[in-house]
Amino acid sequence: MRIVTATAAALALACQAAPAATAHQPTTDGIWRMDGYGTVLSIRNGTFEEYQTTAVSCLKGDSAQRTGPGTYTMPDGTVLTVRTRGGHDRGSVRADGSVGERNLRRIPELPDACTSPASEGPLAAFDVFWQSFEENYPFFSAKGVDWHAVRDRYRPRVHAGTTRDELYAVFSEMVKPLYDAHVAVQDGDRVFAQVRPGTVVPTEGLDTKVKKFIVARDLKNARNLQDFANGRITYADLPGGQGYLRISGFGGYAGDGAPYAAQAAELDRALDTVLGQERARRLKGLIIDLRINGGGSDALGIHIAERLTDTSYLAYSKRARNDPADPTRHTRPQPAYVTPAQGPRYTGPVAVLTGGSTVSAGETFTQALMDRPGRTVRIGQPTQGVFSDVMSRRLPNGMSAWLPNEEFLTRSGRTFDGTGIPPHLEEPVFTKEEFDKKRDSAFDTALNILRDHGGATG
């Protein structure tokens, strides 16, 4: 379940905080309600505590300890920043590796449900599970799923004697029709999740198989073939003066569990070599291969995009559901910009290869290149269609539900959730026939376009 866990680990902002008060700033200590996200935060005596709330529940979530002025660090190393904004009663929280921040409003005390013992039986777990999706999931209408009918069908099957295995099966059946790779049911080591029909999970095994195929076929005459960032990034110079950059994920660059700062530093070391001044000047085109990409940190994707432009532009805006009773109401869209990086940059033609195994942060990076100034063409198949950070919701019986609650908007307000970002030019991607006949149609098309036309306008 790499596609979900990578996103959840990198982007579970639900309990994040960091830069805090100075002598002349209002304190961030107190109780805060997050706009959207069904979350209340308690910040007291150096401890940051998350409470996951619905209309029927309040359960403790993640916690963090103060490690600097206004900064808090979670057990997994994620650094959170909390700050006040424009006075005593407004604030924000940001997690390293996430794009944007979440707005906070001070409230006088924890909701009553947060200080009362929670029911732990199967029916209580069912109600929290259903309610978490009811209040936060944005895509029921687009998926054609009547969530109220789902409750009416499955709740009568749950009772005090329902076993854990039976309840896990019920939850899995409930969310199966969503075919959403950012939706999952977790119980210990077992996880139910699935990708869009007709697509393949970007597993480590698939990544290894595809990489071996590409090196043998597409890069057999290439020069300067080199891996970076713990094998997640590969670069080679192609015979015609083009470059090939393969990115299999937006995380794990400095090893599992390394903080975001270490991941970004390792990425910079790779990009300083891949897009150094001399190479950036002479490259005639660049293929960026995202066809097997399990996601990770959106911010690392923005970081790469900043090496590909001389002009600032809007990557996307993101918004979250913000009314438990009304799925059409959202937080104010928060823009994320691509600003030119310091040092060498490549601004020539780019061909982006995508497919159904381009997931999550692989997709937000693809979206961040859509309005890139210059010639950019997408080739292959539509991406998976999951963009949101993943909310991890704990259930009273110890199980967890993972779900998205955000939309990533283009400049015109469009989203690609469910369908994925389409290519300009459609080509098969790692089908059985392509493997059997040793073909890589998307790569060949990209190479021909870069050679013949110097790229295309995206």
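Computed over heavy atoms, backbone and side chain alike; hydrogens, waters and symmetry mates excluded. When a residue number appears, it is its place in the shown sequence, counting from 1.
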- Query: How many angstroms lie between CZ in Phe408 and OG1 in Thr415, if you round to the nearest 0.5 Å?
  - Reply: 11.5 Å
- Message: Does the plane of the ring in Phe430 sit parallel, tilted or perpendicular to the ring in Phe213? Use 30° and 60° as the thresholds.
- Response: perpendicular
- Task: Determine yes or no for a side-chain-to-main-chain donor-acceptor pair under 3.5 angstrom, with Ser388 supplying the side chain and Glu406 the backbone.
- Result: yes
- Note on the structure: Which of Arg393, Arg102, Lys60 passes salt bridge (charged side-chain N to carboxylate O under 4.0 Å, His left out) with Glu50? Answer is Arg393
- Message: Could you check whether any side-chain N or O of Glu363 sits under 3.5 Å from a backbone N or O of Gln384, counting only pairs where one atom can act as donor and the other as acceptor?
- Response: yes
- Atom of Pro138, atom of Pro404 and distance for their closest heavy-atom approach: CD-O, 3.4 Å
- Task: Kindly determine whether Thr383 and Thr358 satisfy side-chain hydrogen bond (donor to acceptor under 3.5 Å, both in side chains), including the steps that lead there.
- Result: CA-CA 5 Å; Thr383 64; Thr358 309; over 6 Å; no
- From the options Phe140, Trp130, Tyr154, Phe133, select the one residue that forms a ring-ring contact (aromatic ring centres under 6.0 Å, His included) with His148. Trp130
- For atom CZ of Arg411, decide whether the heavy atoms of other residues, nucleotides or ligands shown that lie under 6.0 angstrom number more than 12. no
- Hey, does the side chain of Thr208 reach the backbone of Glu204 with a donor-acceptor pair shorter than 3.5 angstrom? yes
- Message: Testing the 3.5 Å rule here: is there a donor-acceptor pair between the side chains of Tyr235 and Asp227?
- Response: no
- Quick one: does Ile247's side chain get under 4.5 Å of Ile304's, heavy atoms only? yes
- Item | Salt-bridge present (Arg157, Glu173; N to O < 4.0 Å) | yes
- Judged by atom type as modelled, is there a donor-acceptor pair below 3.5 Å linking the side chain of Thr199 to the main-chain atoms of Val195? no
- Query: Does the gap between the ring centers of Phe250 and Phe365 come in under 6.0 Å?
  - Reply: yes
- Task: Ignoring hydrogens and angles, tell me if any N or O in the side chain of Asp187 forms a donor-acceptor pair with the backbone of Met399 under 3.5 Å.
- Result: no
Just list the side-chain donor-acceptor pairs under 3.5 Å for residues 257-270, sequence neighbours left out, or say none.
| unit_1 | atom_1 | unit_2 | atom_2 | d |
| --- | --- | --- | --- | --- |
| Gln263 | OE1 | Gly252 | N | 3.3 |
| Gln263 | OE1 | Tyr253 | N | 2.7 |
| Gln263 | OE1 | Ala254 | N | 3.0 |
| Gln263 | NE2 | Ala258 | O | 3.2 |
| Glu266 | OE1 | Arg269 | NE | 3.3 |
| Glu266 | OE1 | Arg269 | NH2 | 2.7 |
| Asp268 | OD1 | His303 | NE2 | 2.8 |
| Asp268 | OD1 | Arg307 | NH2 | 3.2 |
| Asp268 | OD2 | His303 | NE2 | 3.2 |

- Query: Where do Asn45 and Thr47 land on the side-chain hydrogen bond (donor to acceptor under 3.5 Å, both in side chains) test, with the steps shown first?
  - Reply: CA-CA 6 Å; Asn45 302 319; Thr47 297; over 6 Å; no
- Message: Nearest 0.5 angstrom please: Asn405 CG to Arg321 CZ, how far?
- Response: 9.0 Å
- Query: Does Thr234 reach the main-chain N or O of Arg246 with its side chain, forming a donor-acceptor pair under 3.5 Å?
  - Reply: no
- Could you pull out the closest heavy-atom pair between Ser297 and Gly97, with the gap in Å? OG-O, 2.7 Å
- Query: What's the verdict on side-chain hydrogen bond (donor to acceptor under 3.5 Å, both in side chains) for Asp165 and Thr163, showing C-alpha distance, side-chain angles and the deciding distance?
  - Reply: CA-CA 5 Å; Asp165 287 347; Thr163 68; 5.5 Å; no
- For Gln334, all residues meeting side chain to side chain donor-acceptor pair (under 3.5 Å), sequence neighbours excluded: none
- Query: Side chains of Arg394 and Gln52: does their closest heavy-atom pair fall under 4.5 Å?
  - Reply: yes
- Looking only at non-hydrogen atoms, find the nearest pair between Pro111 and Arg33 and report the distance. CG-NH2, 3.8 Å
- Would a distance-only check, ignoring hydrogens and angles, find a side-chain to backbone donor-acceptor pair under 3.5 Å from Ser248 to Ile292? no
- Item | Student check: side-chain heavy atoms of Ile421 and Phe387 closer than 4.5 Å | yes
- Message: Return the CG to OG1 distance between Asp62 and Thr78, rounded to the nearest 0.5 Å.
- Response: 9.0 Å
- Trp147 vs Val175 side-chain heavy atoms within contact, under 4.5 Å: yes
- Report, as yes or no, whether the 6.0 Å neighbourhood of atom CZ on Arg329 holds more than 12 heavy atoms from other residues, nucleotides or ligands. no
- Query: Does any non-hydrogen side-chain atom of Phe129 lie less than 4.5 Å from one of Glu134?
  - Reply: no
- Message: Within this structure, what is the CZ-CG distance for the pair Arg439 and Asp218, rounded to the nearest 0.5 Å?
- Response: 13.0 Å
- Task: Evaluate whether atom CG of Asp112 has more than 12 neighbouring non-hydrogen atoms of other residues, nucleotides or ligands under 6.0 angstrom away.
- Result: no
- Query: Should the pair Phe139 and Tyr137 be assigned to parallel (<30°), tilted (30 to 60°) or perpendicular (>60°) ring geometry?
  - Reply: perpendicular
- Is the shortest heavy-atom distance from the side chain of Leu353 to the side chain of Leu290 under 4.5 Å? no
- Message: A side-chain contact here means heavy atoms from C-beta on lying under 4.5 Å apart; do Trp32 and Thr39 qualify?
- Response: no
- Task: Specify the closest pair of heavy atoms between Asp298 and Asp389, including all atoms of both residues, with the distance to one decimal.
- Result: OD2-OD1, 3.7 Å
- Task: May I ask you to decide whether Asp35 forms a salt bridge with Arg319, counting only side-chain N to carboxylate O separations under 4.0 Å?
- Result: no
- Mind checking whether Tyr72 and Phe48 have parallel, tilted or perpendicular rings, split at 30° and 60°? tilted
- Query: Under the side-chain hydrogen bond (donor to acceptor under 3.5 Å, both in side chains) criterion, do Arg85 and Asn103 qualify, and how do the steps go?
  - Reply: CA-CA 9 Å; Arg85 174 184 293 155; Asn103 294 325; 2.6 Å; yes
- Message: Let me confirm one number: the CG-CG distance from Leu271 to Leu245, rounded to the nearest 0.5 Å.
- Response: 7.5 Å
- Message: Can a donor-acceptor pair be found, under 3.5 Å and without considering hydrogens, that links the side chain of Arg164 to the backbone of Asn397?
- Response: yes
- Task: Output yes when a side-chain donor or acceptor of Thr410 lies under 3.5 Å from a complementary backbone atom of Arg414, and no otherwise.
- Result: yes
- Query: For atom NZ of Lys143, is the number of surrounding heavy atoms from other residues, nucleotides or ligands below 6.0 Å larger than 12?
  - Reply: yes
- Query: Once you round to the nearest 0.5 Å, how far does CD of Glu407 lie from OH of Tyr316?
  - Reply: 15.0 Å
- Hey, is Asp180 close enough to Arg196 for a salt bridge, meaning N to O under 4.0 Å? no
- Task: State, to 0.1 Å, how close Pro202 and Gly294 come at their nearest heavy-atom pair, and which atoms those are.
- Result: CG-CA, 3.8 Å
- Item | Main-chain N/O of Gly251 paired to Arg232 side chain as donor or acceptor, under 3.5 Å | yes
- Side-chain contact, heavy-atom cut-off 4.5 Å: Val350 with Arg372? yes
